[in-house]
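Because the structure is a prediction, the values reported are computed rather than measured.
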Amino acid sequence: MRRRQLTIGVISALFLSLLSGCGSDDQSASNAGSAFDNLKEVVSEANTSGSEGEPSSWVKEKEPDEVTIDWAVEPFLEVDDIEVEDACKDPRSKEVAFVKKNDLYGMVRYNGLYAVEPYFANMTPDPYSLYNEPEDGSGRFCAHFTEDLKFEFYINDGWGSPAGNVYYYNMTDHRLYLSAYGIESAEVSAPVVVEKAESPGPDVLEQQQLDGKGLFGVADNKGILIECIYEDGYCVEGEDVTYYAMKKNGKWAYFAPNGKQLTDFIYDSFDEHFQSWRQVLTFVSGVEYEDHTMPYLPTEGYIAVQVDGKCGYIDTDLNEVYPLGTFEDVRPVHGGKAWARKDGKWGILNFPTKEVKKVEIRDEDYFQLNSH
């Protein structure tokens, strides 16, 4: 990202501009009927029992132009990108999204109004901030959106560099390990994506050696929930309802919280998708973080999906909400709303509230059980 020199005069002017750019919540919304009008359910309710069976494909039943789109705000915003977190419970994600225009970042509300116009060269989701970093090292000028949903503007000397954690499932002793600042034994409250590994001897912690195999699955302290046979994996640690995305032959499929495969391997990553530093993920060894692209995980029972450049939405019951090709780009649902791009412009969609059922993980869902 470009670095920009800030003078005191520029900072003062920018501060006033940012304050004036904080939008109100008043804007008329155009509704075009229910998102489910004329939509046909194409797959029965997902089998969440963990039993054997083939996953169902998403079969497109209708052409995109036959679909009634429920716009909260019709497409009007012409920007390079809208960047949104997925699968997080941060209340700020329901209030604003990051917006990118001419390589500068701002924040936009879910009524279509700017909270902070695109004046900043950098953004970070943790802390929820925009910032410019002068080349002379005089301190970052920051616009920070706080957890109590207020903006703070200040000069900051900088933040530390957070690091993602990598979990391993060691096939030698059938235990879970964490590699962050060395190898340590891991205790997790919910299953996580793991890389299959083997140790040269029984005492991993003493030897500090694990041989990663480049194969990924899902496991916790009880055992393996999704077999370690995939190219990559993605999940969020510690969520009450945790879905997983696993990658095979360059394509992604979705798995239920109990490890049941829900879809075929047909979905693509989103190039502009970012992960919050609060999210713990596993990534392929040697792949730079910024080059590690992901699909979106479910939010509020809906999934923003992409196949061969065609975008739409499904839900976690495997119903087709918007067919592939309805939109040119899509973002996850937060607070019953989601950004989507159509005809080159971004608008905001309405989504009905869905009851997201918690799926219990049973002992029989594991590939193997371990005694400790």
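With values rounded to the nearest 0.5 angstrom, Y168 atom OH is found 13.0 Å from S199 atom OG. Remark: Y366 OH to N258 CG distance equals 10.0 Å, nearest 0.5 Å. Between the CG atom in L149 and the NZ atom in K94 there is a gap of 11.0 Å [rounded to 0.5 Å]. With values rounded to the nearest 0.5 angstrom, L130 atom CG is found 10.5 Å from F141 atom CZ. Between the CD atom in Q306 and the OH atom in Y267 there is a gap of 12.0 Å [rounded to 0.5 Å]. L349 contributes atom CG, which lies 9.5 Å from atom OG1 of T326 (distance to the nearest 0.5 angstrom).
Between Y105 and S129, the closest side-chain pair of non-hydrogen atoms is not below 4.5 Å. Side chains of K260 and V359 form no contact here, defined as non-hydrogen atoms less than 4.5 Å apart. In this structure, the side chains of Y313 and V333 come closer than 4.5 Å at one or more pairs of heavy atoms. The shortest side-chain heavy-atom distance between E300 and F351 does not fall under the 4.5 Å cut-off. Side-chain atoms of Y128 and E85, non-hydrogen and from C-beta on, do get closer than 4.5 Å to each other. A heavy-atom distance below 4.5 Å is found between the side chains of M107 and F98. Residues N350 and K337 form a side-chain contact, since some pair of their non-hydrogen atoms from C-beta on lies under 4.5 Å apart. Looking only at side-chain heavy atoms (C-beta outward), V194 and C228 come within less than 4.5 Å of each other.
Here the shortest heavy-atom pairing between V79 and K100 reads CB-O, 3.5 Å. When all heavy atoms of P332 and D86 are compared, the pair lying nearest together is CG-CB, 3.8 Å. The shortest non-hydrogen separation linking I183 to L205 is O-CD2, 3.6 Å. For the residue pair F145 and R92, the shortest heavy atom distance occurs at O-NH1, 2.9 Å. In terms of heavy-atom proximity, F153 sits nearest to A143 at CE2-CB, 3.5 Å. The heavy-atom pair separating E133 from N122 by the smallest distance is N-ND2, 4.3 Å.
Under a 3.5 Å cut-off, the side chain of E117 and the backbone N or O of G106 do not form any donor-acceptor pair. At least one donor-acceptor pair closer than 3.5 Å links the side chain of Q261 to the backbone N or O of T263. Between the side chain of N132 and the main chain of A121, a donor-acceptor pair closer than 3.5 Å is present. Formation of a donor-acceptor pair under 3.5 Å by the E74 side chain with backbone atoms of G347 is not found in this model. For E187 (side chain) and N221 (main-chain N/O), no donor-acceptor pair under 3.5 Å exists by modelled atom type. Between the side chain of Y302 and the main chain of P352, a donor-acceptor pair closer than 3.5 Å is present.
Between F367 and Y169, the distance separating the two ring centers is not shorter than 6.0 angstrom. Taking the ring centroids of Y243 and Y254, they lie at or beyond the 6.0 Å cut-off.
K251 and D264 are not joined by a salt bridge, as no carboxylate oxygen comes within less than 4.0 angstrom of a charged side-chain nitrogen. Checked for salt-bridge contact, D268 and K310 miss the test: no charged N lies under 4.0 Å from a carboxylate O.
Of the listed residues (Y244, W252, F265, F216), just one forms a ring-ring contact (aromatic ring centres under 6.0 Å, His included) with Y230, and that residue is F265. Exactly one residue among D220, V188, V193, V218 makes a side-chain contact (heavy atoms from CB on, under 4.5 Å) with Y167. That residue is V188. Looking at R331, R341, K101 one by one, the single match for side chain to side chain donor-acceptor pair (under 3.5 Å) with D81 turns out to be R331.
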Point to revise | CA sep, side-chain torsions, deciding dist, call: M171, I224, side-chain contact (heavy atoms from CB on, under 4.5 Å) | key: CA-CA 10 Å; M171 305 303 292; I224 296 174; 4.2 Å; yes
Review point. For V330 and V305, what are the C-alpha separation, side-chain angles and deciding distance, and is it a side-chain contact (heavy atoms from CB on, under 4.5 Å)?
Key: CA-CA 7 Å; V330 288; V305 292; over 6 Å; no
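Counted within 6.0 Å of NZ on K213, heavy atoms from surrounding residues, nucleotides or ligands total more than 12; the atom is thus considered enclosed.
In the hydrophobic clustering of this structure, I226 groups with I361; members are Ile, Leu, Val, Met, Phe, Trp, Tyr whose side-chain heavy atoms approach within less than 4.5 Å, directly or through other members. When hydrophobic clusters are built by joining Ile, Leu, Val, Met, Phe, Trp and Tyr residues whose side-chain heavy atoms come closer than 4.5 Å, directly or via intermediates, V84 is grouped together with Y114. Linking ILVMFWY residues whenever their side-chain heavy atoms come closer than 4.5 Å, directly or via other members, leaves Y234 and L215 in distinct clusters.
Taking the six-membered ring where tryptophan is involved, the planes of W346 and W339 are perpendicular, since the angle between them exceeds 60° and thus also 30°. The aromatic rings of F327 and Y322 stand perpendicular to each other, their planes meeting at an angle above 60°, with 30° marking the opposite boundary.
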